[in-house]
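Here's the structure we're looking at; comments come further down.
Within every chain, numbering begins at 1; the chains are lettered A, B, ... in the order of the sequence lines, protein sequences first and strands thereafter.
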Amino acid sequence: MTSGFDDIPFFDEEPDAPSARPKTNREPAPERSGGSGIAARALAARNGAVARPSYLDGLNPEQLRAVETLDGPVLVLAGAGTGKTRVLTTRIAHILATGRAYPSQILAVTFTNKAAREMRERITHLAGEAVEGMPWLGTFHSIGVKFLRRHAEIVSLRSDFTILDTDDVLRLIKQLIQAEGLDDKRWPARQFALMIDGWKNKGLDPSQIPEGDSRAFANGKGRALYTAYQNRLLSLNACDFGDLLMHPIRILKTNPDILADYQGRFRYILVDEYQDTNSAQYMWLRLLAQRPGRKSPSPTPPHKGAGLGARSARLGATSDTDVVDGDEFPGDAPQPDSLPPVGRVGEGSSSHASVNICCVGDDDQAIYGWRGADVDNILRFEKDFPGAAVIRLERNYRSTAHILGASGHLIAHNEGRLGKTLFTERQDPEDEKVQVHAAWDSEEEARAIGEEIERLQRGDGADGVKHLLNNMAILVRASFQMREFEDRFVTLGLNYRVIGGPRFYERMEIRDAMAYFRLVCQPADDLAFERIINTPKRGLGDTTVRNLHDYARARNIPMLAAAADIVETEEFKPKARKALFDVVANFQRWQKLLETMAHTELAEQILEESGYTDMWKNDKSAEAPGRLENLKELIRSMDAFESMRGFLEHVSLVMDAEQNEQMDAVSIMTLHSAKGLEFDTVFLPGWEEGLFPHQRALDEGGRNGLEEERRLAYVGLTRAKKRLHIWFVSNRRIHGLWQSTIPSRFLDELPPDHVEVAEAEQSYGGYGRGNPYGQSRFDKQEPFASSYSSPGWQRAQANKTEATRSNWGNRSGVSVERVGYGEAGPTGRVIQGELVAKSKIDEPSKFAIGDRVFHIKFGNGNVAAIEGNKLTIEFDRAGQKRVLDGFVDKA
DNA sequence: TAATCGTAGGTTTTT
DNA sequence: CCTACGATTA
């Protein structure tokens, strides 16, 4: 577990948990954790009756309450860095340890696999092997799959249905659009995929979508297309991601006995990141959170009040499995195919009042409204679950008081929040204020941030300590901003890591390979068939594929089967016929081998015999070696699975693969992907109107859009533990042309007490000096303007004002100043950068001049010069670049 | 089948 | 402006 991923300090790291405190659970509870239940417990403990379990040690009173309030609905409003994950995991451990439920009776949902994995690890840590048997801990989607595999037939699927990724979905939709005789340029599949996504986020099936939505696409054929799409999925025995929730909802709604069964089963429901739930997820939760109906056969409750000792005894017997897996839902007959109206789930039923559901979230960190998340879900929790206990976690363990003060003040500008005020006990006069910096343009911004990073790395900062790059991050609003930093860091030879780019299983070669495997395991997978039928090239072009497609559709058989038929005929020209024959024969053979051969071996054989690996071996492009490497990695990763099918199942849901965390590197990522992470030092560049808040969020989302942007800013600010640097530039290239920009309004929303406008340490070339634009109008209007008196801020304000009046084109005077900076400032810095590099010059390089090397970004090249750990490489495609040797491998 | 030209779009992302 | 993808052409 890397520290960067830890929301909260764990056990001994807790700031207010002195390490001197005894860890034995015989010890009475510390006084500060004095809820009444605890007091009683402590008393009991003193009498030797109940030992206070050690996992409760170090929780603050609110956290403890969140853990111990087990009956009835609970909403935990957990501010950033207040120990959210810890509460969730400890709560589960507590439920298990007190014997209130079997692991199989707890439903715990997260949004990401990462969160689920982390939760599982932590619970294991707290409660021992108890979690091994927690079958219902996972993402909404993975739990959806598990459920759907059991009840697939109710929605006319087989339980071995495939899960399509976005690529497949897109191709499928495109086919449907073409089949309708529509122009796929005018009606892009992309757009329709987004619409479907939106509908499914809301839990709407084709009959339920608003008429307006239907009319908005394809000359009013929206609904028909959606219907056709769903039918096509069924005939492919496939689901998209939305279906993994839609189908379970439908099953639960139309089958009261199944519903009652699950309602009875899940004694405790826990939801992470509740602020991010969409309507469909909400419906699903509401269905399960209702009290079981009268006739529901509820599983025997485990005996209550058992302590830790009793737990392990019970675990030995492990009746978990038969509670979940043993019972095969008798009386669960397939239902007719009619779709129920989507009403408001659970309406009119007051019985859900005492369901043990615990939702944890932070309305201030709701940043996924644009993909269907509905903040209202968290805002109206108390109405949905009457009598809910609402617990606020406001004690922050992460950031300095300045960072907390700044973020708290910013987010207070939002309306309609549940309202929390984070505080910390940390009082260190050494803590620096949040720094706001101005730069002329994005290039200078990147340059200056690079310098600051190197300064920290070197130990030239205020604290004189050398800092690891791993503890620093640059968080951007939009991914195009990353490029500037990458370019700069490559020239500096500064290690960086981009988080969130295209992921392993989304890469072309991986998808291709997976399509082969899919088709072997599932011959009806037409999408896989179409993906690889002519990859590598076999002379089976569009026309052949279309013929096959038509033939297959006419007979209602899979394309692979159609191909098998057609090669027996004279339908195709000999060349195509031969190629197709080979493909069909190959697949038939592989299918047979599936039963006998080890799956990794078979996978390798498939890629060899299909010519797929050869295709990349013959490819001269820069990416080819990397792709072959990825394929090897893919096969290697299959080892951990029982079978090829098992592997496919895993991959369809878990799209990430871990990367090398070895090297020390600065992280570059978007604000969105930074949620949940923390870093000592955080840089937030690009705080300009139009970029942040983003213009489109403003245009399309109005006030809500702005508030979501503000929450995003809040997320960014609260990622920082110790040092926070915010940047804005005066000029940025937007769609290729230079534009003057105005500092973000969010800057004005920061409290002066906790913020200082950083003075540039080097010469700025004086672009603000002798400000020709006079006093800023913002001086009067801004509430805090009086405290921003430093020259830097005034300069910033000056930029702000002039920026509103002019643009790059007619500001020749200023562009000269830029040149001035360009020559003065950075030149010195570059030299410093090299000095750093030279400290390593003595170490012999593992490369020699003339070596053939491969770089992940620039491809193949030859080493032209070596200075310490820096190489100058003549790349085949990218030209000459200086790179760090850690970034290249011998080719 | 590869290479080249033209055009559209250029926020955020999981599963 | 610059990239990525699709369509057209050799």
Quiz item: Taking the side chain from A:Arg488 and the backbone from A:Glu444, do they hold a donor-acceptor pair closer than 3.5 Å?
Solution: no
Quiz item: Can you check whether A:Ser159's main-chain N or O pairs, donor with acceptor, with A:Arg149's side chain at less than 3.5 Å?
Solution: yes
Quiz item: Can you find a side chain N or O atom of A:Arg696 that sits less than 4.0 Å from OP1 or OP2 on B:dT11?
Solution: yes
Practice problem: Could you tell me the separation between the NE2 atom of A:His650 and the C1' atom of B:dT15, rounded to a whole number of Å? | Solution: 13 Å
Self-check item: NZ/NE/NH1/NH2 to OD/OE distance under 4.0 Å, A:Asp167 and A:Arg531
Solution: yes
Quiz item: When you compare C:dC2 with B:dT13, how far apart are their C1' atoms, in angstrom units rounded to a whole number?
Solution: 24 Å
Quiz item: Which of these nucleotides, B:dT15, B:dT13, B:dT11, is closest to any side-chain atom of A:Ser673?
Solution: B:dT13
Practice problem: Determine: side-chain N/O of A:Asn113 to OP1/OP2 of B:dT14, distance under 4.0 Å, yes or no. | Solution: no
Quiz item: Mapping A:Ala697 and A:Lys537 onto DNA chain B by nearest heavy atom, which one lands closer to the 5' end?
Solution: A:Lys537
Practice problem: Name the residue closer to the 5' end of DNA chain B, choosing between A:Phe111 and A:Leu540 according to the nucleotide with the nearest heavy atom. | Solution: A:Leu540
Quiz item: A:Gln695 CD to B:dG9 C1': how many Å, rounded?
Solution: 17 Å
Quiz item: Any side-chain N or O of A:Thr670 less than 4.0 Å from the OP1 or OP2 oxygen of B:dT13?
Solution: yes
Quiz item: Between A:Ile163 (CD1) and B:dT15 (C1'), how many Å, whole number?
Solution: 9 Å
Self-check item: Per-pair stack call A:His735 and B:dG9, 5.5 Å, 30°
Solution: no
Quiz item: Would the number of heavy atoms belonging to other residues, nucleotides or ligands and lying under 6.0 Å from CG of A:Asp699 be above 12?
Solution: yes
Exercise. Would you mind classifying the nucleic acid contact of A:Gly539 as base, sugar-phosphate or nothing, using non-hydrogen atoms under 4.0 angstrom?
Key: sugar-phosphate
Quiz item: To the nearest Å, how far apart are A:Lys114 NZ and B:dT15 P?
Solution: 9 Å
Quiz item: Roughly, in whole Å, what's the span from NZ in A:Lys675 to C1' in B:dT13?
Solution: 11 Å
Quiz item: Does A:Trp370 lie flat on the base of B:dT12, that is, centres under 5.5 Å apart and planes under 30° off?
Solution: yes
Exercise. Using whole Å, report how far CG of A:Asp699 lies from C1' of B:dT12.
Key: 15 Å
Exercise. May I ask you to say what A:Glu709 touches in the nucleic acid, namely base, sugar-phosphate or nothing, with a heavy-atom cut-off under 4.0 Å?
Key: base
Self-check item: Separation between the C1' atoms of C:dG6 and B:dT11, rounded to whole Å
Solution: 24 Å
Quiz item: Taking the same atom, P, in C:dC5 and in B:dT12, what whole-Å distance lies between them?
Solution: 15 Å
Quiz item: Are the charged groups of A:Lys578 and A:Asp582 less than 4.0 angstrom apart, N to O?
Solution: yes
Quiz item: In a check of salt bridge (charged side-chain N to carboxylate O under 4.0 Å, His left out) between A:Arg732 and each of A:Glu689, A:Glu484, A:Glu445, A:Glu443, which one passes?
Solution: A:Glu445
Quiz item: For A:His672 and B:dT12, is the gap between ring centres under 5.5 Å while the planes differ by less than 30°?
Solution: no
Practice problem: For the side chain of A:Ser479, starting at C-beta, report the closest nucleotide among B:dT15, B:dT12, B:dT1. | Solution: B:dT12
Quiz item: Could you give the distance from CG (A:Asp243) to CZ (A:Arg250), rounded to the nearest 0.5 Å?
Solution: 10.0 Å
Exercise. Between B:dT14, B:dG10, B:dT15, spot the one nearest the side chain of A:Thr166, thanks.
Key: B:dT15
Quick one: side chains of residues 269-280 of chain A, donor-acceptor pairs under 3.5 Å with protein atoms, not counting sequence neighbours, listed by atom name and distance.
residue: A:Asp272; atom: OD1; partner: A:Lys84; partner atom: NZ; Å: 3.1
residue: A:Glu273; atom: OE1; partner: A:Gln275; partner atom: NE2; Å: 2.7
residue: A:Glu273; atom: OE2; partner: A:Lys84; partner atom: NZ; Å: 3.2
residue: A:Gln275; atom: OE1; partner: A:Asp362; partner atom: N; Å: 3.0
residue: A:Asp276; atom: OD2; partner: A:Lys675; partner atom: NZ; Å: 2.6
residue: A:Thr277; atom: OG1; partner: A:Tyr274; partner atom: O; Å: 2.8
residue: A:Thr277; atom: OG1; partner: A:Asn377; partner atom: ND2; Å: 3.1
residue: A:Asn278; atom: OD1; partner: A:Ala280; partner atom: N; Å: 3.0
residue: A:Asn278; atom: OD1; partner: A:Gln281; partner atom: N; Å: 2.9

Quiz item: Could you give the CE-to-P distance, from A:Met615 to B:dT1, as a whole number of Å?
Solution: 12 Å
Quiz prompt | Heavy-atom contact window of chain A on DNA chain C, given 5' to 3' at under 4.0 Å | solution = C:dC1 to C:dT3
Exercise. Write down the distance between CG (A:Leu194) and P (B:dT12), rounded to a whole number of angstrom.
Key: 13 Å
Could you pull out all donor-acceptor pairs under 3.5 Å where a side-chain atom in residues 179-197 of chain A meets a protein atom, sequence neighbours excluded?
residue: A:Asp183; atom: OD1; partner: A:Lys185; partner atom: N; Å: 2.9
residue: A:Asp184; atom: OD2; partner: A:Gln178; partner atom: NE2; Å: 2.9

